[in-house]
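What follows is a short report on a single structure.
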There are 2 protein chains.
Amino acid sequence: MARKPQQERSKATMQAIVEAGFISLQTHGLAQTTTRHIADIAGVGVGSLYEYFPNKEAVFKAMNAHLTTEIVAMVRALMPSLVRLEIRPMVIRLLGHFRELLNRNDGRYLKYAGFSMHAERSRQLEAIQQLLVELIMQYALHNPQLTRLRNLPVMSYIFIHGSVFTIIRHLSEPNSNISFEQLSEGLAEMIASYAEAELAKLDAAPRS
Amino acid sequence: MARKPQQERSKATMQAIVEAGFISLQTHGLAQTTTRHIADIAGVGVGSLYEYFPNKEAVFKAMNAHLTTEIVAMVRALMPSLVRLEIRPMVIRLLGHFRELLNRNDGRYLKYAGFSMHAERSRQLEAIQQLLVELIMQYALHNPQLTRLRNLPVMSYIFIHGSVFTIIRHLSEPNSNISFEQLSEGLAEMIASYAEAELAKLDAAPRS
DNA sequence: CTATTGTTCGGATTCAATTCGGAAACGGCA
DNA sequence: TGCCGTTTCCGAATTGAATCCGAACAATAG
């Protein structure tokens with residue numbers, strides 16, 4: 001049964017289990033990440049795991065929530081400075097921090113992110129998507145010419161999904177003759193040049 | 001043991017198992033897709049499955065290979081006509097066919113594609129990536145001004161991954177107030193406007 | 001038609017996920 | 001401090017899926 005932790009020690013246990021989930025995934029891979037392994041790493045019995053999580057999937061969801069919280073905190077902290085930058089440096093800065101976060105603890109979060117991309121789990125990425133939509137809105141408010149763009153929702157969807165998945169995939173791949181810097185500059189260039197081209201088009205034909 | 005099929009009937013069995021894998025995934029979801037289910041749907045005993053596939057994961061790999069083969073065939077057939085189009089209609093046409101393929105048989109392939117995005121499996125997407133890189137090369141050969149673009153490898157990587165993941169994610173989501181047409185036009189616009197902007201930049205400063 | 005090789009099968013085994021009935025730790029209170 | 005109700009912890013027992021394996025069935029060469 002999913003119990004609500006009442007005492008301090010049980011909160012510590014929950015936390016340890018979630019962290020153990022990341023560690024197990026990182027060091028043993030998805031197939032070897034059994035409830036027993038997770039419990040062992042967390043230093044608790046298997047039964048304890050089921051006191052707080054109805055099943056293994058719930059542990060993954062908690063891991064997701066944890067990572068999401070960290071990402072949200074990071075982006076919110078960055079937002080005030082991001083909105084003052086040009087598009088290219090804004091994107092590069094954001095992606096750089098994103099990478100740093102994913103690489104913390106020997107890539108613990110990255111490993112999870114790589115597994116969380118599949119359909120049933122990626123719905124939980126929606127919080128991130130919402131957050132980035134908000135970032136774009138804030139950015140547009142600070143750069144009012146962007147509010148003239150008509151299909152901002154569609155393009156936001158594309159830029160967000162395209163960037164996030166591409167970045168995670170790239171970071172998850174050891175091979176690849178493309179550096180992260182090239183990738184993030186490319187993404188920045190792609191986004192910036194779209195915005196510039198679209199604005200130029202609007203200037204050329206103000207009333208279409 | 002992974003046996004090589006010698007007789008016709010065993011090939012039929014393998015094929016039936018792979019197809020049953022798609023059907024099971026589509027109708028029962030990932031968790032309910034057990035070896036017994038797959039074997040039942042294929043109309044064979046569980047043991048038969050293990051004659052040709054060392055484990056369940058191998059069935060998924062075979063499904064991947066099957067889908068990859070179909071996609072490669074489709075793109076190759078399309079390639080001659082694609083290289084003659086402008087970028088926007090080219091992208092839209094390609095994505096339209098991609099969608100049609102994924103939606104065949106009530107979305108049987110799409111369901112699989114949604115699950116195959118995660119890290120351990122998406123490495124098998126490399127064949128698709130290679131193919132699309134080749135398409136871009138062919139396209140550039142037919143539109144020589146594009147060969148002036150310096151960072152084509154990086155941008156190809158971005159466009160390919162960004163588009164594929166974004167499309168699969170969008171098609172997998174029932175909700176979303178964005179239509180497929182808007183999405184594919186957006187992707188086409190993004191790619192085309194980048195290429196145009198970059199070429200214009202090169203024209204402005206021929207020797208940088 | 002029969003020996004040999006290929007194919008199918010499903011019962012037996014193994015192991016991970018989940019359950020459950022207490023044991024142990026805690027926190028207040030007399 | 002010693003007692004009691006509550007919270008937490010636990011690991012043996014259960015369940016079911018993945019995988020193995022040897023017997024039975026089918027094809028086919030000679």
Side-chain angles (χ1 to χ4, degrees), chain A residues 1-64 112 115-116 118 120-121, chain B residues 1-64 112 115-116 118 120-121:
Chain A
M1 298 300 166
R3 177 92 57 80
K4 291 278 182 189
Q6 315 276 329
Q7 304 177 357
E8 266 316 308
R9 59 175 176 150
S10 66
K11 281 183 191 158
T13 298
M14 273 189 86
Q15 193 51 49
I17 291 170
V18 172
E19 184 173 359
F22 281 112
I23 294 173
S24 175
L25 202 55
Q26 174 190 33
T27 60
H28 297 291
L30 185 60
Q32 303 301 318
T33 295
T34 69
T35 51
R36 200 171 308 273
H37 260 255
I38 295 175
D40 283 349
I41 293 173
V44 304
V46 218
S48 298
L49 189 153
Y50 284 90
E51 286 295 323
Y52 303 104
F53 302 96
N55 51 46
K56 191 165 82 158
E57 180 62 21
V59 177
F60 284 110
K61 282 187 184 162
M63 289 162 67
N64 203 308
Y112 175 79
F115 286 120
S116 72
H118 79 66
E120 279 184 352
R121 203 121 60 208
Chain B
M1 297 301 164
R3 177 95 57 80
K4 290 276 180 187
Q6 313 277 330
Q7 304 177 354
E8 266 315 308
R9 59 176 178 151
S10 66
K11 282 183 187 155
T13 299
M14 272 188 87
Q15 193 50 50
I17 290 169
V18 173
E19 183 173 0
F22 281 113
I23 295 173
S24 176
L25 201 56
Q26 174 190 34
T27 60
H28 297 290
L30 185 60
Q32 303 302 316
T33 295
T34 69
T35 51
R36 202 171 306 274
H37 260 248
I38 294 175
D40 283 349
I41 293 173
V44 302
V46 218
S48 298
L49 189 151
Y50 283 89
E51 285 296 320
Y52 303 103
F53 302 95
N55 51 48
K56 191 166 82 159
E57 180 61 21
V59 177
F60 284 110
K61 282 187 185 163
M63 290 164 66
N64 204 308
Y112 175 78
F115 286 120
S116 72
H118 78 65
E120 278 183 356
R121 202 121 62 208

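Each chain gets a letter, A, B and so on, in the order the sequences are listed, and its residues count up from 1.
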Handout entry: Phosphate OP1/OP2 of C/dT7: any B/S48 side-chain N/O under 4.0 Å
Key = no
Problem - Residue-phosphate contact under 4.0 Å: A/T35 side-chain N/O, C/dA16 OP1/OP2 - result: no
What nitrogen or oxygen pairs link the protein and nucleotides 27-29 of chain C at under 3.5 Å?
none

Euclidean distance, [Y] [atom2] relative to [X] [atom1], rounded to 0.5 Å:
X	Y	atom1	atom2	result
A/F22	A/I38	CZ	CD1	11.0 Å
B/I41	B/T27	CD1	OG1	5.0 Å
B/Y52	B/Q15	OH	CD	13.0 Å

Show each protein N/O and nucleotides 11-13 of chain C N/O combination with a separation under 3.5 Å, one pair to a line.
none

Write down the atom of [X], the atom of [Y], and the distance for their closest heavy-atom approach.
X	Y	result
B/H37	B/Q32	CG-O, 3.6 Å
B/A42	B/A16	CB-O, 3.6 Å
B/L49	B/I17	CA-CD1, 3.7 Å
A/F53	A/M14	CZ-CE, 4.0 Å

Practice task
Using heavy atoms and a sub-4.0 Å distance, could you list which residues of residues 25-32 of chain A are near DNA chain C? By number, please.
Solution key: none
Problem - Near-strand residues of residues 9-17 of chain B, defined as heavy-atom separation under 4.0 angstrom from DNA chain C - result: B/R9, B/S10, B/T13
Expressed in angstrom and rounded to an integer, what is the separation of [X] atom [atom1] from [N] atom [atom2]?
X	N	atom1	atom2	result
A/E8	C/dC26	CD	C1'	13 Å
B/F60	D/dA18	CZ	C1'	12 Å
B/K56	C/dA16	NZ	C1'	13 Å
B/Y52	D/dC20	OH	P	16 Å
A/L49	C/dA16	CG	C1'	13 Å
A/Y50	D/dC9	OH	C1'	15 Å
B/H37	D/dG16	NE2	C1'	12 Å

Exercise for the section: Report the nucleotide, chosen from C/dT18, D/dC10, D/dA18, that has the shortest atom-to-atom distance to any side-chain atom of A/E51. Expected result: D/dC10
Completion exercise
Judged by nearest nucleotide, the residue sitting upstream toward the 5' end of DNA chain C, A/T34 or B/V44, is B/V44
Exercise for the section: If a pair satisfies salt bridge (Lys or Arg N to Asp or Glu O under 4.0 Å) and one of its residues is in residues 30-41 of chain B, list it, with sequence neighbours excluded. Expected result: none
Show me the donor-acceptor pairs within less than 3.5 Å that the side chains of residues 56-64 of chain A make with the rest of the protein, sequence neighbours left out.
| residue | atom | partner | partner atom | Å |
| --- | --- | --- | --- | --- |
| A/K56 | NZ | A/T33 | O | 3.0 |
| A/E57 | OE1 | A/R121 | NH1 | 2.9 |
| A/E57 | OE2 | A/R121 | NH1 | 3.1 |
| A/N64 | OD1 | A/T68 | OG1 | 3.2 |
| A/N64 | ND2 | A/Y112 | OH | 3.0 |
| A/N64 | ND2 | A/Q124 | OE1 | 3.1 |

Practice task
Map A/G43 and B/N55 onto DNA chain D by nearest heavy atom, then report which one ends up closer to the 5' terminus.
Solution key: A/G43
